[in-house]
Amino acid sequence: LGCGGTCPHRRRRLRRVRGAHTDGSQTPPAVHHQRDGGPEITITEIAMSYKDELKRTLAKHGFRFSKSMGQNFLIDPAIPCAIAENARVDEETGVLEIGPGIGILTRELAERAGKVTSVELDRRLLPILSETLHHHKNVIIVPGDIMMLDLDALIRENMPEMARYA
């Protein structure tokens, strides 16, 4: 899910196409991504694949959105990449994330930050987070209500060696 280490906006060669495609055919303005040695793929194709994977993951765990919790998840794969990029975090930065959802933004932050501590209120999301974040050893998921936690203690316990916090 998410860019997962292959953020198209950072790690793949992009071209903005206006009018003519490389093969001479006409296409609307769009961003195209060059696959390694393969054909180009569009943002729309990436987004559709991403949405399908998101639906499969949620269905696998029997998850349904809770209106009472105001749950909204990122569905455009470019957004977590852009947010993480603009956060300007690095390996000396500790990030406190409130409400990681299924971990889309969390993964992008984990690729850049030294530590990410994410507080999730909805315990139904914990198995999904375990699955989507299992490769990221610098992520700690804290079940609970951020309003009830001692933030100073949370940072001291989970990110003591970080020079900065975001």
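On a predicted model such as this, the values are computed, not experimentally measured, just so you know.
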Next item on the list: To the nearest 0.5 Å, tell me how far L96 CG sits from M162 CE.
Entry: 13.5 Å
Checklist line | ILVMFWY network linking V119 to M147, side-chain heavy atoms under 4.5 angstrom | finding: yes
Item checked: Co-membership, hydrophobic cluster, residues L129 and V142, 4.5 Å side-chain -> no
Notebook entry, point to check: Do V116 and I98 share a hydrophobic cluster (ILVMFWY, side-chain heavy atoms under 4.5 Å, transitive)?
Noted result: no
Checklist line | Gap between atom CZ of R112 and atom SG of C81 - 0.5 Å precision | finding: 6.5 Å
Checklist line | Stepwise side chain to side chain contact (heavy atoms under 4.5 Å, CB included) test for I79 and L105 | finding: CA-CA 8 Å; I79 292 173; L105 176 58; over 6 Å; no
Next item on the list: Enter the distance from E97:CD to T106:OG1 here, rounded to the nearest 0.5 Å.
Entry: 3.0 Å
Notebook entry, point to check: If only atom types and distance count, is the side chain of E120 paired as donor or acceptor with the main-chain N or O of G101 below 3.5 Å?
Noted result: yes
Note to self: Do L149 and L121 land in one hydrophobic cluster if side-chain heavy atoms of ILVMFWY residues count as linked below 4.5 Å?
What the structure shows: no
Notebook entry, point to check: Considering residues at least two apart in sequence or located in another chain, which fulfil the side chain to side chain donor-acceptor pair (under 3.5 Å) criterion with T117?
Noted result: none
Note to self: Check whether Y165 reaches the backbone of I155 with its side chain - one donor and one acceptor, N or O, closer than 3.5 Å.
What the structure shows: no
Check: Do the side chains of L126 and I140 join up, straight or via other hydrophobic residues, at under 4.5 Å, putting them in one cluster?
Finding: no
Item checked: Pairwise distance CD1(I104) to CG(L133) - rounded to 0.5 angstrom -> 8.5 Å
Check: CG/N158 to CG/N138 distance, rounded to the nearest 0.5 angstrom?
Finding: 12.0 Å
Note to self: Quick check for you: to the nearest 0.5 Å, what is the distance between H136 atom NE2 and I141 atom CD1?
What the structure shows: 11.0 Å
Next item on the list: Would you check if I128 and L58 make a side-chain contact, meaning some heavy-atom pair closer than 4.5 Å?
Entry: yes
Notebook entry, point to check: Of the non-hydrogen atoms in A113 and V95, which two are nearest, and what is the gap between them?
Noted result: CB-CG2, 3.7 Å
Margin query: As a quick check of understanding, evaluate side chain to side chain contact (heavy atoms under 4.5 Å, CB included) for F63 and D122, giving each step before the final call.
Written below: CA-CA 11 Å; F63 183 83; D122 190 345; 3.6 Å; yes
